[in-house]
Amino acid sequence: MDFQLSDSQRALQETARKFAREAIRPKAPHYDETAEFPRDLMSTAYELGFMNQGIPAEYGGSGLSHLEQVLVCEELAWGCAGVTTSIFANDLANLPILLFGTEEQKQRLLKPFGERMRLSCFCLTEPSAGSDVANLGSTARRDGDHYILNGSKCFISNGGYADQFTVFATVDKGRRHKGITCFVVEGKPPGLTVGKHENKMGQRASNTVSLTFEDVRVPVANRIGEEGQGFPIAMETLDHSRPVTASFSLGIARAALEHSLEYSAQRQTFGKPIREHQGLQFMLADMAMNVQAARLLTWQSAWMLDNGQKNTLISSYAKCFAADMAMKVTTDAVQVYGGYGYMKDYPVEKLMRDAKLIQVYEGTSQVQRIVIAKELFK
Amino acid sequence: MPIVLIVAEQQPDGHLRKATLNAISAGRTLAEKAGAELHLALLSKDPSKLAEELKVQGVKAVHTAAAPELEHYLAEVYAPVIAGLVQELKADYVGMASTAMGKDLMPRVAARLKAAMATDVMAFNGSGADISFTRPMWAGNVFAEVKLTTPVKVFSARATEFPASTGGQPAGEVKAFTPKLEASKTKFVDFKEVKSARPELTEARVVVSGGRGTKGDFKEIEALADELGAAVGASRAVCDAGWVPNDLQVGQTGKVVAPQLYIAAGISGAIQHLAGMKSSKTIVAINKDPEAPIFQVADYGLVADLFKVLPELREALHKLKE
Amino acid sequence: MKILVTAKRVEDPESKIKVKPDGSGIVQEGLKYKINPFDEIGVEEGLRLAAKHGGEVVVVSIGGKEVQEQLRHALAMGAHRAVWVNHTGTLDQLALAGLLQKVAEKEKPDMVILGKQSIDDDQNQVGQYLAEFLGWSQATFASKVESLESEQEKNKVPALQVGADGKTVRVVREVDNGLATLECALPAVVTTDLRLNLPRYASLPGIMKAKSKPIEELTPEKLGVDVTPKIQVLKMSSPPPRKAGIKVPDVATLVDKLRNEAKAV
């Protein structure tokens with residue numbers, strides 16, 4: 001057992017912290033207010049290798065291990081979770097190619113991301129199939145060397161600006177989850193329509209749209225894995241992304257904790273700083289304790305992947321615990337600030353809105369519990 | 001008798017750099033503790049006029065070197081000349097004010113003499129042969145008492161810690177010496193002076209500094225400074241943004257000041273700024289943000305918009321004079 | 001061209017420095033360490049010069065095993081290789097400059113770029129000692145005319161101007177009351193001031209690549225340098241604390257206090 005980070009792990013953390021502090025945080029209120037796409041931050045993030053961070057160097061990425069990604073993403077999310085979701089969208093979308101693509105596909109579909117800034121998005125959720133992935137309605141029909149895609153996807157991060165789409169569709173609805181297949185759609189082919197940018201409660205810096213596929217042709221060469229392998233591909237992808245999603249919660253919650261510690265030292269009631277009141281101390285202690293507990297689960301779930309271990313159970317613990325923890329900690333931070341906490345002039349209400357999304361996306365906290373139970377009953 | 005040699009500094013405009021007078025005081029303090037004689041060195045194209053000014057500063061002798069090569073200061077030219085004089089005089093201590101020149105030159109002199117050096121000395125301790133130096137470390141967060149164990153001991157003195165020497169009798173002797181000139185691998189190209197009618201930051205009795213809160217508009221800062229005969233300073237953010245010249249920066253990484261009165265307007269008070277001004281005798285902070293860290297070091301804090309209160313303050317101070 | 005830059009390990013400038021009760025040093029516990037900010041500016045300038053003129057940036061640090069972290073930082077920024085002078089224990093400026101002299105004689109760079117001072121002992125000496133020991137030209141407090149928000153800065157143009165023949169470098173120096181420009185024959189020693197440039201971030205791929213860049217290990221013994229300290233720190237203390245100040249309600253009260261209490265106006 002070793003909880004010591006290596007020099008290079010600390011260096012990664014440090015560079016992410018610096019970027020978050022100097023670049024992301026100062027602009028976070030602006031992007032939260034306007035819900036504009038943070039293009040300037042994205043392009044710096046690209047140049048510094050925060051985008052495509054998990055893609056190995058030989059395919060043009062930064063080549064970070066899972067633990068390293070978790071360390072980096074906690075820092076970025078400390079700056080702004082919405083921006084971080086945008087930055088990390090490529091990694092999520094490209095995971096299926098990395099995990100299940102052929103060497104030819106990796107060369108062709110991953111490498112261009114290392115040559116210039118390109119965006120990619122992960123298209124799984126549908127209006128009537130979110131948590132219930134097996135109920136996917138999008139279809140793929142084979143036509144010679146192509147598949148023809150039809151259907152619609154929703155809540156797609158970076159969908160409005162993407163150059164490449166990782167799409168899940170079924171080749172046979174009757175086969176339920178055994179019909180699901182994974183495809184990569186390049187560019188903006190005819191028949192692909194981007195819907196409006198959703199007006200979200202939190203993480204407003206991330207672009208979220210719906211997509212419609214109408215007879216979109218995809219070459220067979222862009223099918224990832226076999227026909228019907230899409231469901232395990234999606235599940236494996238989520239096993240890999242859950243530690244990072246959990247780390248977003250850590251960043252948000254740590255920011256809330258730090259603000260609370262600072263504010264509670266300044267704000268006076270009954271003749272002393274509020275943090276000298278025991279009631280406040282209990283809250284602050286709980287916040288700090290839970291952030292650290294979530295961090296250890298998150299690290300463990302990433303470490304397992306790096307060591308070739310299946311992490312479905314632990315990563316579900318991590319994602320679920322961290323998301324719920326961030327919700328609680330940010331809610332408490334608003335409480336620490338009292339009336340001011342509810343005002344947009346103070347930083348904590350944004351954190352509370354941002355945290356909420358983590359309980360919802362990439363598997364709700366309820367779905368995580370279902371996965372956990374299923375693992376426990378094995 | 002041991003000898004303390006202080007190097008005088010001539011400005012590009014030919015005048016004596018005022019900090020030299022503070023360095024002379026420092027040298028005198030040291031000479032008294034060490035039971036030593038105080039000597040001065042002056043290098044110039046034509047040192048005669050300044051030598052007359054300096055000989056009445058209560059020194060044993062002013063050693064002057066005159067040569068055309070000494071017109072523009074260059075460390076490589078000056079260092080061997082001063083080191084040569086130290087050896088000739090068998091001086092025990094050689095020091096200078098911690099000005100840009102002092103900081104550039106003295107380590108090179110020390111290197112030449114294989115001597116150890118203490119920078120930014122604030123006080124001398126002990127007596128006779130047992131002398132130690134007090135100097136700041138970690139941006140003034142720590143004061144260290146250090147001892148130099150080489151035969152010759154070199155130092156630069158922080159001007160704000162020693163009063164300007166006001167002269168003494170009898171007048172010292174002016175002694176010309178032949179400088180050991182060496183060919184220089186460095187050429188002086190030019191000096192672009194930032195012209196200012198105001199006193200030099202590190203020498204001023206009063207400093208008025210502006211920060212981010214000015215949004216780059218220094219008119220009110222300057223007007224108040226002129227009312228007080230003060231120098232103008234600035235925070236790092238303001239200099240980095242190019243709003244005011246770099247050499248106005250007060251802070252750990254800029255100039256360290258310790259005036260009688262320091263007025264900080266629109267400066268939040270980052271650690272590195274505080275490090276450069278917290279030895280000031282009286283500190284006034286004016287800031288809109290009541291939580292700004294600058295208030296923690298200020299003797300008098302005023303939570304207000306600087307654009308509103310600086311004119312008021314200037315008016316009020318002007319009335320005091322009438 | 002070959003540029004030797006330094007990467008001293010110092011306490012994070014944001015950290016609170018406290019003196020131990022017995023005055024024997026500072027409290028190390030809980031401190032974070034970084035590359036000396038002035039050295040980081042030196043590394044950046046070296047990288048810009050190498051990008052413009054071609055060549056190699058070699059970074060050197062002196063200290064125990066832990067200084068490898070600062071070397072890796074410079075390597076992650078883009079330096080090509082590193083030299084580590086392994087030594088634990090106190091080193092004064094004479095010793096540091098002596099060690100750097102030997103490294104410079106071995107590496108034969110066209111330029112050595114160092115921070116003007118390190119933010120721990122604030123001595124501001126090593127560059128000058130080194131220039132004298134090597135018998136080289138010296139330009140301290142290197143800065144530039146353009147601001148840090150200028151186009152030149154955004155385009156990472158080096159501020160140090162190497163002559164067309166590659167034999168000289170022009171350096172704009174930050175001095176009292178203005179900027180002085182020197183032309184130094186190469187090889188030269190340059191020390192950096194704050195506004196020479198804004199150091200780049202170490203990129204993620206840069207950090208990953210730095211793991212496999214070579215670090216050569218040397219020791220004072222191998223370099224033949226006697227590092228016995230000639231400066232002894234007898235005691236450290238905290239500066240006297242300022243007495244707590246007050247908030248005044250208005251300008252009139254402020255003027256009254258300044259005149260009658262502080263006697264400052």
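Bear in mind the structure is a predicted one, so any value in this text is a computation, not a measurement. Residue numbers start from 1 in every chain, and the chains themselves are labelled A, B, ... in the order their sequence lines are given, proteins ahead of strands.
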S.K.: Checking side-chain polar atoms at under 3.5 Å, does C/Glu45 have a donor or acceptor matched by the opposite partner on C/Thr192?
M.R.: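 No, C/Thr192 and C/Glu45 have no side-chain donor paired with an acceptor closer than 3.5 Å.
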S.K.: Determine the option with the most heavy-atom pairs under 4.5 angstrom with chain B, choosing from C/Leu148, C/Ile246, C/Leu258, C/Val255.
M.R.: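 Ranked by heavy-atom pairs under 4.5 Å with chain B, first place is C/Ile246.
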S.K.: What part of B/Glu193 gets closer than 4.5 Å to chain C, counting heavy atoms only: side chain, backbone, both or neither?
M.R.: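 Contact with chain C: backbone and side chain both.
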S.K.: Quick one: of C/Lys18, C/Lys235, C/Gln138, C/Glu261, who has the most non-hydrogen atom pairs under 4.5 Å with chain B?
M.R.: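 Heavy-atom pairs under 4.5 Å are most numerous for C/Gln138.
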S.K.: Contact part of C/Asp250 toward chain B, heavy-atom cut-off under 4.5 Å: side chain, backbone, both or neither?
M.R.: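 When you check distances to chain B, only backbone atoms of C/Asp250 fall under 4.5 Å.
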S.K.: Looking at C/Gln123, C/Lys247, C/Glu174, which one has more heavy-atom pairs under 4.5 Å with chain B than the rest?
M.R.: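 Highest number of pairs under 4.5 Å: C/Gln123.
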S.K.: Just give me the residue among C/Pro239, C/Ala185, C/Pro249, C/Ser238 that pairs up with chain B most often, heavy atom to heavy atom, under 4.5 Å.
M.R.: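 So the answer, after comparing C/Pro239, C/Ala185, C/Pro249, C/Ser238, is C/Pro239.
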S.K.: Is B/Phe143 close to chain C through its backbone or its side chain, or both, or neither, when contacts mean heavy atoms under 4.5 Å?
M.R.: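 Both backbone and side chain.
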S.K.: Return the CD to NZ distance between C/Gln125 and B/Lys103, rounded to the nearest 0.5 Å.
M.R.: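 Here the interatomic distance stands at 11.0 Å.
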S.K.: Distance only, no hydrogens: is a donor on one side chain within 3.5 Å (strictly under) of an acceptor on the other, for C/Asp39 and C/Ser118?
M.R.: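 No, no side-chain donor-acceptor pair sits under 3.5 Å.
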S.K.: Go through the atoms of C/Val175 and report whether side chain, backbone, both or neither lie under 4.5 Å from a heavy atom of chain B.
M.R.: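 It is both, since atoms from each part get that close.
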S.K.: Using heavy-atom distances under 4.5 Å, tell me whether C/Val233 contacts chain B through its side chain, its backbone, both, or neither.
M.R.: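 Contact with chain B is through both the backbone and side chain of C/Val233.
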S.K.: Have B/Asp299 and B/Thr282 got a donor and an acceptor in their side chains that come within less than 3.5 Å?
M.R.: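 On atom types as modelled, these side chains do not qualify, holding no pair under 3.5 Å.
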S.K.: Between B/Glu9 and B/Thr99, do the side chains contain an N or O donor and an N or O acceptor separated by less than 3.5 Å?
M.R.: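 Note: B/Glu9 and B/Thr99 side chains meet the donor-acceptor criterion.
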S.K.: Given heavy-atom pairs under 4.5 angstrom as the criterion, report whether the side chain, backbone, both or neither of C/Leu94 touches chain B.
M.R.: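 Contact with chain B involves the side chain of C/Leu94 alone.
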S.K.: With a 4.5 angstrom heavy-atom cut-off, which part of B/Pro136 approaches chain C: side chain, backbone, both or neither?
M.R.: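 The answer is the backbone of B/Pro136.
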S.K.: Going by atom types alone, do C/Gln28 and C/Tyr33 pair a side-chain donor with an acceptor below 3.5 Å?
M.R.: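 On atom types as modelled, these side chains qualify, holding a pair under 3.5 Å.
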S.K.: With side-chain hydrogen bond (donor to acceptor under 3.5 Å, both in side chains) as the criterion, how do C/Glu132 and C/Gln128 come out once you've worked through the C-alpha distance, each side chain's angles and the decisive distance to 0.1 Å?
M.R.: CA-CA 6 Å; C/Glu132 174 63 29; C/Gln128 296 89 313; over 6 Å; no
S.K.: Do the side chains of B/Arg112 and B/Glu182 get close enough for a salt bridge, i.e. N-O under 4.0 angstrom?
M.R.: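 Salt bridge between B/Arg112 and B/Glu182, a charged N being under 4.0 Å from a carboxylate O: yes.
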S.K.: Name the member of C/Leu179, C/Val169, C/Thr168, C/Leu254 that forms the most heavy-atom pairs with chain B at distances under 4.5 Å.
M.R.: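 Result: the option with the highest number of such pairs is C/Leu179.
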S.K.: Hey, is B/Lys192 close enough to B/Asp190 for a salt bridge, meaning N to O under 4.0 Å?
M.R.: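 Yes.
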S.K.: Which residue out of B/Leu320, B/Ile286, B/Asp120 racks up the most heavy-atom pairs below 4.5 Å with chain C?
M.R.: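 The residue among B/Leu320, B/Ile286, B/Asp120 with the greatest pair count is B/Leu320.
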S.K.: What part of B/Ala304 gets closer than 4.5 Å to chain C, counting heavy atoms only: side chain, backbone, both or neither?
M.R.: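 For B/Ala304, no heavy atom lies under 4.5 Å from chain C.
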S.K.: Both conditions, 6.0 Å and 45 degrees, for the charged tip of B/Lys147 above the ring of B/Phe133: are they met here?
M.R.: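 No, a cation-pi geometry is absent between B/Lys147 and B/Phe133.
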S.K.: Go through the atoms of C/Pro229 and report whether side chain, backbone, both or neither lie under 4.5 Å from a heavy atom of chain B.
M.R.: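 Just the backbone, heavy atoms under 4.5 Å.
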S.K.: Would you mind checking which part of C/Phe141 comes under 4.5 Å of any heavy atom in chain B, side chain (CB onward), backbone (N, CA, C, O), both or neither?
M.R.: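 The answer is the side chain of C/Phe141.
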S.K.: Check whether C/Ile231 gets within reach of chain B through its side chain, its backbone, both or neither, counting any heavy atom under 4.5 Å.
M.R.: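 For C/Ile231, heavy atoms of backbone and side chain both lie under 4.5 Å from chain B.
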S.K.: Less than 4.5 Å to any heavy atom of chain C: does that hold for the side chain of B/Lys255, its backbone, both, or neither?
M.R.: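 Side chain of B/Lys255 only, per the 4.5 Å heavy-atom cut-off to chain C.
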S.K.: Check whether any side-chain heavy atom of C/Leu91 sits under 4.5 Å from a side-chain heavy atom of C/Leu99, and report yes or no.
M.R.: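 The answer is yes, as the side chains (C-beta and beyond) meet within the 4.5 Å cut-off.
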S.K.: Decide yes or no for B/Leu228 and B/Leu317: does some side-chain heavy atom of the first lie under 4.5 Å from some side-chain heavy atom of the second?
M.R.: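 Yes, their side chains come closer than 4.5 Å.
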S.K.: With a 4.5 angstrom heavy-atom cut-off, is it the side chain or the backbone of B/Ala115 that approaches chain C, or both, or neither?
M.R.: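 When you check distances to chain C, only backbone atoms of B/Ala115 fall under 4.5 Å.
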S.K.: Let me know if B/Glu200 has heavy atoms under 4.5 Å from chain C in its side chain, its backbone, both or neither.
M.R.: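 When you check distances to chain C, only side chain atoms of B/Glu200 fall under 4.5 Å.
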S.K.: Name the region of C/Val248, side chain, backbone, both or neither, that has any atom closer than 4.5 Å to a heavy atom of chain B.
M.R.: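 The answer is both parts of C/Val248.
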S.K.: Between B/Val142, B/Asp247, B/Thr150, B/Val309, which has the largest tally of heavy atom pairs under 4.5 Å with chain C?
M.R.: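 Between B/Val142, B/Asp247, B/Thr150, B/Val309, the count favours B/Val142.
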S.K.: Can you tell me which portion of C/Ser143 sits under 4.5 Å from chain B's heavy atoms? Options are side chain, backbone, both or neither.
M.R.: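 The side chain, not the backbone.
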S.K.: Is C/Ile26 close to chain B through its backbone or its side chain, or both, or neither, when contacts mean heavy atoms under 4.5 Å?
M.R.: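 Just its side chain gets close to chain B.
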S.K.: Identify which part of B/Val284 has an atom lying under 4.5 Å from any heavy atom of chain C, answering side chain, backbone, both or neither.
M.R.: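 The side chain, not the backbone.
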S.K.: Can you list everything that forms a salt bridge (Lys or Arg N to Asp or Glu O under 4.0 Å) with C/Arg200? Sequence neighbours excluded, please.
M.R.: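 Listed in chain order: C/Glu44.
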S.K.: Looking only at heavy atoms, what is the nearest atom pair of B/Ser132 and B/Glu145, with distance?
M.R.: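 Closest heavy-atom pair between B/Ser132 and B/Glu145: OG-OE2, 3.0 Å.
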S.K.: Where on C/Lys116 is there a heavy atom nearer than 4.5 Å to chain B: the side chain, the backbone, both, or neither?
M.R.: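 Interface part for C/Lys116: side chain.
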S.K.: List the atom of B/Ala116, the atom of C/Lys230, and the distance in Å for their closest heavy-atom pair.
M.R.: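 Closest pair (atom of B/Ala116, atom of C/Lys230, distance): CB-O, 3.8 Å.
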S.K.: So which of C/Glu11, C/Glu183, C/Gln93, C/Met236 has the biggest tally of heavy-atom pairs under 4.5 Å with chain B?
M.R.: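 Greatest number of close heavy-atom pairs with chain B: C/Glu183.
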S.K.: Any Lys/Arg nitrogen of B/Arg135 or C/Asp121 sitting under 4.0 Å from an Asp/Glu carboxylate oxygen of the other?
M.R.: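 Salt bridge flag = no for C/Asp121 with B/Arg135.
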S.K.: Is B/Ile283 in contact with chain C via its backbone, its side chain, both, or neither, using a 4.5 Å heavy-atom distance?
M.R.: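 Interface part for B/Ile283: both.
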S.K.: At a 4.5 Å cut-off on heavy atoms, which part of C/Lys167 comes close to chain B: side chain, backbone, both, or neither?
M.R.: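 Contact with chain B: none, neither part.
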S.K.: Which atoms of C/Asp92 are under 4.5 Å from chain B, going by heavy atoms: the side chain, the backbone, both sets, or neither?
M.R.: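 It is neither, since no heavy atom gets under 4.5 Å.
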S.K.: Check each of B/Arg314, B/Lys321, B/Arg198 against B/Glu227 using the salt bridge (Lys or Arg N to Asp or Glu O under 4.0 Å) test, and report the only one that passes.
M.R.: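 Filter result, single survivor: B/Lys321.
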